[in-house]
J.: 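Quick one: this structure, given as C-alpha cells, is what I'll be asking you about.
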Amino acid sequence: MMTLPEPLLPFTALDITALLVLLGAWAGVGFRIEHPGHNVSITVLMAQYRHAWMAQLLDREQRIFDAASLQNLRQGTAFFASTCLLSIGGVLALAGNPAPLEEAAARLPGTDGTALIWQAKLLLTVALLTSGFLRFVWAHRLFGYFSVVIGSIPNDRSAPHAQHRATQAAWLNTRAAINFNRGLRAIYFALASLAWLLGAYALIGASLVTAAILWGREFSSISRNVLIDDAPPRPDPLTKDRHP
C-alpha cells in the first residue's frame with residue numbers, strides 16, 4: 001500500500017492524485033488552447049483578428065475607435081486584477097480564522113474534522129488566484145506598451161517603419177491577450193480547487209468539469225463558429241516568443 005512521506009501527511013494518496021489532476025488539467029488545457037494545431041481555438045482566432053486590426057489602423061487617420069478599444073481592454077485587466085487581489089485577501093482571512101472551518105468540517109459528512117487540513121487546501125486556491133493576479137498585472141502592462149507603440153505608428157502607410165511598428169503592436173496586443181486568458185483560466189481552476197474542501201473525488205470532478213467547460217468554449221462554441229467564418233490569415237507562429 002502506498003504511503004506518503006511525513007511532510008505530506010495527513011493528506012492521502014488520493015488527495016495528491018486529485019491535486020495532480022487539477023494541475024494537469026490546468027496546464028494541459030492551457031497548452032492545447034495556445035497550441036491547438038489544425039483545430040484552432042478562439043484564442044488563436046482572436047490573435048488573427050488582432051493582427052488584422054493593426055493592419056486596418058495603418059489606413060485610419062482618426063484613431064479614436066482604437067483608443068477606446070484599448071481603454072476597454074485595460075479596464076478589463078484592471079478589474080480582474082483587483083478581483084483576484086480581493087479574493088486572495090478573503091481566502092486568507094478565512095484560512096486565518098479556524099473556528100468557522102472547524103465548525104463546517106464537523107458538519108460535512110466524509111470530511112476531516114480538523115481546520116488545519118482545510119487551511120492547507122485553501123492555500124491551493126490562494127496560489128491559483130495569485131497566478132491569475134500576476135497574469136492580469138502583466139497583461140495590463142503589456143496593453144500599456146501596446147498603447148505606446150500605437151502612438152508611434154505613422155498615419156502614412158508608406159512612411160518608414162510604419163508596417164513594422166504595426167506588426168510590433170499586433171504582437172504586444174496578442175501577448176497581452178494570452179496573459180489575460182491565462183489569468184482567466186487560473187480563476188476558473190481556483191474556483192474548482194474549492195471543491196477539495198469536500199474531498200478528493202470532488203476536486204477531481206470539479207477539475208474535469210472545468211476543463212470540459214474551457215475546452216467547449218474554445219473549440220466548439222457558437223462564438224468560435226462565428227469567428228472562424230472568413231477569419232483573417234493566421235500569424236505564424238501565434239506565440240512569437242516563449243516569454244510571458
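Index from 1, following the sequence. All values derive from a computational prediction rather than experimental measurement.
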J.: Contact between N173 and L73 at the side-chain level, heavy atoms closer than 4.5 Å - yes or no?
T.: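 Heavy-atom side-chain distance check passes, below 4.5 Å.
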J.: Measure centre to centre between the rings of W53 and F146, then say whether the value is under 6.0 Å.
T.: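 Yes - the distance between ring centres of W53 and F146 falls below the 6.0 Å cut-off.
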J.: Under the criterion side-chain contact (heavy atoms from CB on, under 4.5 Å), which of W26, F136, F189 is the partner of S131?
T.: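 With S131 as partner, W26, F136, F189 yield a single side-chain contact (heavy atoms from CB on, under 4.5 Å), made by W26.
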J.: Using 0.5 Å steps for rounding, measure from the OG1 atom of T174 to the CE atom of M54.
T.: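 Interatomic distance, T174 OG1 to M54 CE, rounded to 0.5 Å: 9.5 Å.
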J.: If you round to the nearest 0.5 Å, how far is OH of Y188 from OG of S193?
T.: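 The distance works out to 15.0 Å.
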J.: Do F143 and F180 have ring centroids that are under 6.0 Å from one another?
T.: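 When the ring centroids of F180 and F143 are compared, they turn out to be at least 6.0 Å apart.
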J.: Starting at CG of L14, measure out to CG of L19 and round the result to the nearest 0.5 Å.
T.: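 Here the rounded value is 11.5 Å.
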J.: If you group Ile, Leu, Val, Met, Phe, Trp and Tyr by side-chain heavy-atom gaps below 4.5 Å, do L94 and V126 land in one group?
T.: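 Both belong to a single hydrophobic cluster.
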J.: List the atom of P154, the atom of L58, and the distance in Å for their closest heavy-atom pair.
T.: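 Looking at all heavy atoms of both residues, the closest pair is O-CD2, 4.5 Å.
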J.: Can you tell me how far the CG atom of L227 sits from the CD1 atom of I222, to the nearest 0.5 Å?
T.: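 Rounded to the nearest 0.5 Å, the CG-CD1 separation comes out at 12.0 Å.
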J.: Is V21 linked to V29 within one hydrophobic cluster, defined over Ile, Leu, Val, Met, Phe, Trp and Tyr using a side-chain heavy-atom separation of less than 4.5 Å?
T.: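 In one cluster with V21: V29, no.
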J.: One pair to check against side-chain contact (heavy atoms from CB on, under 4.5 Å): W171 and R50. What are the steps and the verdict?
T.: CA-CA 8 Å; W171 279 116; R50 291 173 194 277; over 6 Å; no
J.: Would you please say whether a donor-acceptor pair under 3.5 Å links the side chains of N179 and R141?
T.: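 No, no side-chain donor-acceptor contact under 3.5 Å.
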J.: Find out if a path of hydrophobic residues (ILVMFWY) with successive side-chain heavy-atom gaps under 4.5 Å connects L86 to F80.
T.: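 Shared cluster, no.
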J.: Any non-hydrogen side-chain atom of D15 less than 4.5 Å from a side-chain atom of W196?
T.: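 Result yes, sub-4.5 Å side-chain heavy-atom pair found.
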J.: Say you draw a straight line from CG of L128 to CG of L191; how long is it, rounded to the nearest 0.5 Å?
T.: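 Spacing of CG (L128) from CG (L191) equals 9.5 Å.
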J.: Using every non-hydrogen atom in the two residues, find where A81 and F133 come nearest and quote the distance to one decimal.
T.: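 Looking at all heavy atoms of both residues, the shortest contact is O-CD1, 3.4 Å.
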J.: Tell me, do L122 and L197 make a side-chain contact under 4.5 Å, heavy atoms counted?
T.: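 Yes. Closest side-chain heavy atoms under 4.5 Å.
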J.: Where is the tightest heavy-atom contact between S221 and I42, given as atom of each residue plus distance?
T.: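 What the structure gives for the nearest pair is OG-CD1, 3.5 Å.
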J.: To the closest 0.5 Å, what do you measure between CZ (R224) and CE (M46)?
T.: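 R224 CZ to M46 CE: 14.0 Å, rounded to 0.5 Å.
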J.: What I want to check is whether the side chains of N155 and R63 have a donor and an acceptor closer together than 3.5 Å.
T.: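 On atom types as modelled, these side chains qualify, holding a pair under 3.5 Å.
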J.: Do H140 and R74 come within less than 4.5 Å of each other through their side chains, counting heavy atoms only?
T.: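 Side chain of H140 against side chain of R74, heavy atoms only: contact under 4.5 Å found.
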J.: Grouping I, L, V, M, F, W and Y whenever their side-chain heavy atoms are under 4.5 Å apart, do L23 and W215 come out in a common cluster?
T.: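 Yes: a chain of side-chain contacts under 4.5 Å links L23 to W215.
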J.: Taking the side chain as every heavy atom from C-beta outward, state whether R60 and D66 have any atom pair closer than 4.5 Å.
T.: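 In contact.
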J.: Looking at A18 and A200, what are the two nearest heavy atoms and their distance?
T.: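 Heavy-atom minimum between the residues: CB-O, 3.5 Å.
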J.: Which atom pair, heavy atoms only, marks the closest approach of A139 to A176?
T.: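 The answer is CB-O, 3.3 Å.
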J.: Tell me, do W138 and R175 make a side-chain contact under 4.5 Å, heavy atoms counted?
T.: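 No, side chains not in contact.
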J.: Does Y201, at its OH atom, have more than 12 non-hydrogen atoms belonging to other residues, nucleotides or ligands within less than 6.0 Å?
T.: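 Atom OH in Y201 is not packed in, count stays at 12 or less.
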J.: For S41 and I33, which heavy atoms make the closest approach, and how far apart are they?
T.: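 The answer is OG-O, 2.7 Å.
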J.: Indicate, with yes or no, if L123 and I88 share a hydrophobic cluster defined by side-chain heavy-atom contacts under 4.5 Å among Ile, Leu, Val, Met, Phe, Trp and Tyr.
T.: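 As far as the 4.5 Å side-chain criterion goes, L123 and I88 are not connected within one cluster.
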J.: Salt bridge check, E34 against R182: does any charged N sit closer than 4.0 Å to a carboxylate O?
T.: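 Yes, this pair counts.
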J.: S69 and N72: side-chain donor and acceptor closer than 3.5 Å?
T.: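 Short answer, no.
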J.: Return a table of donor-acceptor pairs under 3.5 angstrom between the side chains of residues 207-214 and protein atoms on other chains or two or more places apart.
T.:
residue	atom	partner	partner atom	Å
S207	OG	L203	O	2.7
T210	OG1	A206	O	2.8

J.: Is there a donor-acceptor contact under 3.5 Å from the side chain of E218 to the main chain of T43?
T.: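 Checked: pair present.
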